[in-house]
Amino acid sequence: MADFTTHMDQALAEARAAALRGEVPVGAVITDPRGRVIAAAGNRTRELNDPTAHAEILAIRAACARLGSERLPGHDLWVTLEPCPMCAAAISAARIARLYFGADDPRMGGVTHGARVFDHPQCHHRPQVYDGLSAQPSRALLQSFFAARR
């Protein structure tokens, strides 16, 4: 069995870069079946004037473009915050194998909270989900970002 390697540090770096751009600090990384990073992104909704420009969506788009495929079987997604319902649906559509996320999002989450997209019978693909990875630094980054804006 291969050693487990987390990519949450890189996802957190993407989240910090998003915060510096004035975006909600969420970062995402996609790794291929061999564990190599093939895409990384942070939120860019304000910069792009695009409500769909969440870190997960941008990383999925970049990975699919790089591979020339609309699906990413065997690939893993690492994200600092529980994906929203839109992102969870995209994760399912992309056939991501495993989802690793940091902080829970009780208000807007779509995986373990709220819509629970992967639990619906209409969901065609359910990734393996691992939550709580680097949850504390992910949560602290979000809390400090929003505290500075109040």
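Position 1 is the first residue of the sequence, and the numbers go up from there. Source: prediction; values computed, not measured. Hydrogens, waters and symmetry mates are skipped; everything else that's a heavy atom, side chains included, is used.
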query = Hey, does the side chain of His75 reach the backbone of Pro73 with a donor-acceptor pair shorter than 3.5 angstrom?
reply = yes
query = Distance from Leu12 atom CG to Leu141 atom CG, nearest 0.5 Å?
reply = 7.0 Å
remark   = Shortest non-hydrogen pair, Ala89 vs Val117, comes out as N-CG1, 4.1 Å
remark   = Looking only at heavy atoms, the pair that brings Pro83 and Ala88 closest together is CB-N, 4.1 Å
Any side-chain heavy-atom pair of Ser69 and Cys64 under 4.5 Å = no
Arg95 side chain near Leu72 side chain, heavy-atom distance below 4.5 Å = no
query = Are Val129 and Ile60 linked, directly or through other ILVMFWY residues, by side chains that come within less than 4.5 angstrom of each other?
reply = yes
Point-to-point distance, once rounded to the nearest 0.5 Å, from CZ of Phe101 to CG of Asp131 = 4.5 Å
Distance-minimising heavy-atom pair for Leu58 and Ala41 = CB-CB, 3.7 Å
inquiry  = Could you walk me through whether Val79 and Tyr100 satisfy the side chain to side chain contact (heavy atoms under 4.5 Å, CB included) test, starting with their C-alpha distance in whole Å, then the side-chain angles of each, then the deciding distance to 0.1 Å, before giving a yes or no?
reply    = CA-CA 6 Å; Val79 62; Tyr100 300 91; over 6 Å; no
inquiry  = To check you understand the geometry: which heavy-atom pair defines the closest contact between Ala63 and Ala39, and what is its length?
reply    = N-CB, 3.7 Å
ask   = Within 45 degrees of the axis of the six-membered ring of Phe145 and under 6.0 Å from its centre: does Arg149 put its NZ or CZ there?
value = yes
query = Yes or no on side chain to side chain contact (heavy atoms under 4.5 Å, CB included) for His113 and Asp104, after CA distance, side-chain angles and deciding distance?
reply = CA-CA 8 Å; His113 295 89; Asp104 286 336; 3.6 Å; yes
query = Arg126 side chain to Phe118 main-chain N or O, any donor-acceptor pair under 3.5 Å?
reply = yes
query = Taking the side chain as C-beta and beyond, is there a heavy-atom pair between Leu142 and Val24 under 4.5 Å?
reply = yes
key: Hphob cluster co-occupancy, Val29 + Leu81, side-chain heavy atoms under 4.5 angstrom   = no
Min side-chain heavy-atom separation Thr31-Trp78 under 4.5 Å = yes
query = How many angstroms lie between CE in Met108 and CE in Met86, if you round to the nearest 0.5 Å?
reply = 9.5 Å
ask   = Are any of the side-chain heavy atoms of Asp105 and Cys84 separated by less than 4.5 Å?
value = no
task = Please check if Leu67 and Ile30 belong to a single hydrophobic cluster, counting links between Ile, Leu, Val, Met, Phe, Trp and Tyr side chain heavy atoms closer than 4.5 Å.
result = yes
ask   = Do Tyr130 and Leu99 come close enough that some side-chain heavy atom pair is under 4.5 Å?
value = no
query = At their closest point, which heavy atom of Ala28 faces which heavy atom of Ala59, and how far apart are they?
reply = CB-CB, 4.2 Å
ask   = Looking only at heavy atoms, which two atoms of Ala115 and Pro85 are closest? And how far apart?
value = CB-CG, 3.9 Å
query = CZ/Arg61 to CD/Glu70 distance, rounded to the nearest 0.5 angstrom?
reply = 15.0 Å
query = If we only count heavy atoms from C-beta on, is the His7 to Val37 side-chain gap below 4.5 Å?
reply = yes
ask   = Just by distance, with hydrogens left out, do Asn43 and Thr45 show a side-chain donor and acceptor under 3.5 Å apart?
value = no
inquiry  = So, taking the atom named CD in Glu56 and the one named CD1 in Ile96, what distance separates them when rounded to the nearest 0.5 Å?
reply    = 10.5 Å
query = Do Arg21 and Glu47 sit within salt-bridge range, that is, some charged N less than 4.0 Å from a carboxylate O?
reply = yes
query = Counting N and O atoms only, with roles assigned by atom type, does the side chain of Asp32 sit under 3.5 Å from a partner on the main chain of Arg34, one being a donor and the other an acceptor?
reply = yes
request  = Hey, could you give me the CD/CD distance between Glu14 and Glu23, rounded to the nearest 0.5 Å?
outcome  = 12.5 Å
Side chain to side chain, Thr112 and Glu82, heavy atoms closer than 4.5 Å = yes
